[in-house]
K.L.:
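One structure coming up, written as structure tokens, with questions to follow.
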Amino acid sequence: PLLEQTFGSAAGSILAIVAFLLRDGGALDGMEDWQERTFLEGCDQVLTSQETSRIFASITHEQRMRFFLKWIPSAKTNGAVCYDATSISSYAQNMPSVERGYNRDHEDLCQYNLGMFCDERTRMPLYYERYNGSLTDRSNLSCVLANAADMGLRKVKLILDGGFWSKECLQSLGKSCECFTIGMPSNLNEATNAIDQCRCQIEQYRNKLPNYHVYCMEQAVSLHGVNGRLLVYYDPYTHACLVGELSDSIARMESELSRLKRYPKSKLTRFGRYFKLTKHEKGSGFDYKVNVEKVEELCKNKGFFLLFTTDMEASATDLLYFYRAKDADEKIFGQIKNEMSGKRTRTHSEQTTEGKTFVIFLACLLRSYMFGKLQRYLSEQSTSMKKVWNQLSNVIMVECNGAKRLAKALTKKQKDILSIFGLERDILSAFK
């Protein structure tokens with residue numbers, strides 16, 4: 001109903017494109033063939049590549065905002081809201097928002113950036129912002145928060161990773177959010193000092209978190225004029241794993257050095273971090289040994305991680321859970337790039353790109369909803385969403401003299417899946 005209220009007669013076509021992105025995920029020029037073998041109620045037009053581009057371009061800014069103003073209050077729970085951003089590569093040459101910037105996929109292409117808000121409890125996407133590729137996430141955060149507030153995301157409990165850490169971000173978050181929790185980069189002086197203060201005492205039973213093999217100590221701090229709590233966590237298992245990985249890496253490099261005949265001028269940076277290299281005064285030979293002091297310095301902070309929060313009521317255990325749950329955004333970005341062919345966009349106008357991004361957002365929204373409903377089934381059956389799509393795609397309908405019927409009976413798996421959504425009876429009655 002919300003799509004129909006917002007987009008009128010175009011809602012059926014938009015939903016058909018969403019269904020194609022979910023089921024096939026390929027380039028939209030294959031949609032016409034897919035449409036010929038798929039029953040799509042409410043969509044009467046042939047969705048060629050040109051027609052889908054026209055639909056994207058027809059989605060206006062006012063329609064998108066009207067959708068979000070209704071969607072956000074209906075979807076947001078009383079829990080925290082996670083926010084993260086990614087880059088989308090583009091082949092467009094004349095789009096103002098497509099610029100050179102930090103490309104997270106390490107592609108030699110221009111890009112635009114995409115920021116996403118998700119509900120921490122339901123993992124449902126709430127709102128997104130598309131902005132210029134040259135803007136950093138930190139520099140644009142205050143604008144993103146202001147735009148989100150206009151859509152109803154006001155005074156939220158926000159969860160962010162350490163990539164947003166800066167004086168400006170912290171101050172902006174302090175003004176815009178009810179409270180926030182953000183990962184603190186461990187290379188900051190404040191972080192190093194906090195770890196040093198806790199190092200000798202943290203691994204005590206009194207500091208162990210319930211249900212986690214993780215320890216935590218807390219400090220009251222004021223950072224860049226923002227008062228809050230600095231939580232220092234320590235995971236002994238992670239420490240052991242990371243130290244082991246570092247030892248293995250050093251052993252491999254030592255083996256590589258033993259095979260070199262000449263002083264490795266081109267590899268000094270890589271080797272110099274862990275080894276002391278001494279070139280022979282005569283000839284091209286060299287000696288090497290592990291720089292024990294440097295390695296010990298690198299090892300001692302492994303397994304530590306820090307959170308800064310202005311939430312004065314949540315426990316250290318709850319905040320750790322909330323922070324780890326923020327991967328909802330990362331999973332959605334993974335769906336966009338890997339399952340919906342959204343890693344690179346081939347649209348060449350701002351209006352078409354805005355419309356396509358919105359439709360991809362709708363696909364993520366519907367997939368998150370379906371995954372939430374199917375989560376128990378997927379776990380019990382040890383199956384995947386792709387296999388669920390395959391099962392539903394094998395529900396075959398035939399039409400004769402204007403009447404539709406099922407070509408074959410529903411299997412048990414198909415019935416089980418449809419019953420989760422309360423659709424089994426509807427399907428059977430619709431295609432008698």
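Residue numbers run from 1 in the order of the sequence given. Since the structure is predicted, the reported quantities are computational estimates derived from the model, not experimental observations.
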K.L.:
Testing the basics here: between F56 and V359, what is the closest heavy-atom pair and its distance to 0.1 Å?
P.N.:
CE2-CG2, 3.6 Å
K.L.:
Test M385 against F371 for side-chain contact (heavy atoms from CB on, under 4.5 Å), laying out the working first.
P.N.:
CA-CA 7 Å; M385 289 291 288; F371 182 80; 3.9 Å; yes
K.L.:
Decide side-chain contact (heavy atoms from CB on, under 4.5 Å) for Q219 and R229; before the verdict, give the C-alpha distance in whole Å, the side-chain angles of both, and the deciding distance to 0.1 Å.
P.N.:
CA-CA 6 Å; Q219 302 171 10; R229 303 153 60 195; over 6 Å; no
K.L.:
Which pair of non-hydrogen atoms, one from W71 and one from L126, has the smallest distance, and what is that distance?
P.N.:
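W71 and L126 have their closest heavy atoms at CD1-O, 3.3 Å.
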K.L.:
What I'd like to find out is whether the side chain of C179 reaches to under 4.5 Å of the side chain of K157, using heavy atoms alone.
P.N.:
yes
K.L.:
Within a strict 4.5 Å, meaning less than it, do heavy atoms of the L160 and D84 side chains meet?
P.N.:
no
K.L.:
More than 12 heavy atoms of other residues, nucleotides or ligands under 6.0 Å from CG of N78: is that the case?
P.N.:
no
K.L.:
How about NZ on K331, more than 12 heavy atoms from neighbouring residues, nucleotides or ligands closer than 6.0 Å, or not?
P.N.:
no
K.L.:
Flag this pair as yes if the NZ/CZ of R138 is under 6.0 angstrom from the six-membered ring centre of F164 and inside a 45 degree cone about the axis; otherwise no.
P.N.:
no
K.L.:
Pairing donors with acceptors under 3.5 angstrom, does anything connect the side chains of D318 and S315?
P.N.:
yes
K.L.:
Got a sec: does the NZ of K279 have more than 12 other heavy atoms crowding it under 6.0 Å?
P.N.:
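Result for NZ/K279: enclosed.
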K.L.:
Could you check if a side-chain atom of W165 sits within less than 4.5 angstrom of a side-chain atom of P185, using non-hydrogen atoms only?
P.N.:
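Answer yes - side chains close enough.
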K.L.:
Check E256 with K267, please: is the shortest side-chain N to carboxylate O separation under 4.0 Å?
P.N.:
yes
K.L.:
Applying ring-ring contact (aromatic ring centres under 6.0 Å, His included) between Y127 and each of Y83, F67, F68, report the one that passes.
P.N.:
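It is F68, the one option of Y83, F67, F68 that forms the ring-ring contact (aromatic ring centres under 6.0 Å, His included) with Y127.
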K.L.:
Going by distance alone, is a donor N or O of one side chain under 3.5 Å from an acceptor N or O of the other, for D119 and T77?
P.N.:
yes
K.L.:
Salt bridge (charged side-chain N to carboxylate O under 4.0 Å, His left out), that's the test. Do D196 and R199 meet it? Break it down for me.
P.N.:
CA-CA 5 Å; D196 287 341; R199 190 185 310 280; 2.6 Å; yes
K.L.:
Under a 4.5 Å cut-off applied to non-hydrogen side-chain atoms, are P96 and N132 in contact?
P.N.:
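Not touching, per the 4.5 Å side-chain cut-off.
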K.L.:
Scan side-chain atoms only and decide if R259 and S255 contain a donor-acceptor pair under the 3.5 Å cut-off.
P.N.:
yes
K.L.:
H280 and D287: side-chain hydrogen bond (donor to acceptor under 3.5 Å, both in side chains), yes or no, with the steps?
P.N.:
CA-CA 7 Å; H280 293 169; D287 297 319; 3.1 Å; yes
K.L.:
Does any non-hydrogen side-chain atom of L268 lie less than 4.5 Å from one of R270?
P.N.:
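Not in contact.
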K.L.:
Is a donor from one side chain sitting under 3.5 angstrom from an acceptor on the other, for H213 and D235?
P.N.:
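No, because no side-chain N or O of H213 sits under 3.5 Å from a partner of the opposite role on D235.
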K.L.:
For a quick check under 3.5 Å, do Y131 and D137 share a side-chain donor-acceptor pair by atom type?
P.N.:
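Y131 vs D137: donor-acceptor pair found between side chains.
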K.L.:
For R100 and S134, test the side chains for any donor-to-acceptor distance below 3.5 angstrom and give the result as yes or no.
P.N.:
no
K.L.:
When the ring planes of F286 and Y288 are compared, do they come out parallel, tilted or perpendicular, using 30° and 60° as the limits?
P.N.:
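Ring orientation of F286 relative to Y288: tilted.
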K.L.:
Would you call K300-E297 a salt bridge at under 4.0 Å N-O?
P.N.:
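Looking at E297 together with K300, the answer is yes, because their closest N to O distance falls below 4.0 Å.
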K.L.:
Tell me whether the count of non-hydrogen atoms from other residues, nucleotides or ligands lying under 6.0 Å of CD in Q93 goes above 12.
P.N.:
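Counting neighbours around CD of Q93, 12 or fewer heavy atoms of other residues, nucleotides or ligands fall under 6.0 Å, so no.
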K.L.:
If we only count heavy atoms from C-beta on, is the I182 to L158 side-chain gap below 4.5 Å?
P.N.:
no
K.L.:
Which heavy atom of A194 sits nearest a heavy atom of L306, and at what distance?
P.N.:
CB-CD2, 4.1 Å
K.L.:
Heavy atoms only: give me the nearest L47-C43 pair and the separation to one decimal.
P.N.:
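The answer is CD1-SG, 3.8 Å.
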K.L.:
Quick one: do the D33 and Q35 side chains pair a donor with an acceptor below 3.5 Å?
P.N.:
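Absent: no donor and acceptor within the cut-off.
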K.L.:
More than 12 heavy atoms of other residues, nucleotides or ligands under 6.0 Å from CG of D248: yes or no?
P.N.:
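Result for CG/D248: enclosed.
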K.L.:
Between T309 and T181, is a side-chain hydrogen bond (donor to acceptor under 3.5 Å, both in side chains) present by the stated rule, with each step listed?
P.N.:
CA-CA 4 Å; T309 183; T181 300; 2.9 Å; yes
K.L.:
Can you see whether E350 engages S97 through a side-chain donor-acceptor pair at a distance of less than 3.5 angstrom?
P.N.:
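Per modelled atom types, E350 and S97 side chains form a pair under 3.5 Å.
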K.L.:
With a 4.5 Å limit on heavy-atom distance, are the side chains of Y321 and E120 in contact?
P.N.:
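Yes; the side chains approach each other to less than 4.5 Å.
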K.L.:
Which heavy atom in F308 sits nearest to a heavy atom in G228, and how many Å separate them?
P.N.:
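Heavy atoms only, the tightest pair is CE1-CA, 3.8 Å.
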K.L.:
Just by distance, no angles: are the side chains of E107 and S89 close enough, under 3.5 Å, to form a donor-acceptor pair?
P.N.:
yes
K.L.:
Of all residues at least two apart in sequence or in a different chain, which pass the side chain to side chain donor-acceptor pair (under 3.5 Å) check with S49?
P.N.:
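Checked S49 against side chain to side chain donor-acceptor pair (under 3.5 Å); zero matches.
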K.L.:
Applying side-chain contact (heavy atoms from CB on, under 4.5 Å) between S90 and each of T353, L109, T345, T347, report the one that passes.
P.N.:
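Only one of T353, L109, T345, T347 forms a side-chain contact (heavy atoms from CB on, under 4.5 Å) with S90, namely T345.
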K.L.:
Any heavy-atom pair between the side chains of L246 and L242 that's under 4.5 Å?
P.N.:
no
K.L.:
Indicate the atoms forming the closest heavy-atom contact of Y234 with K302, along with that distance.
P.N.:
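In terms of heavy atoms, the two residues are closest at CE1-O, 3.8 Å.
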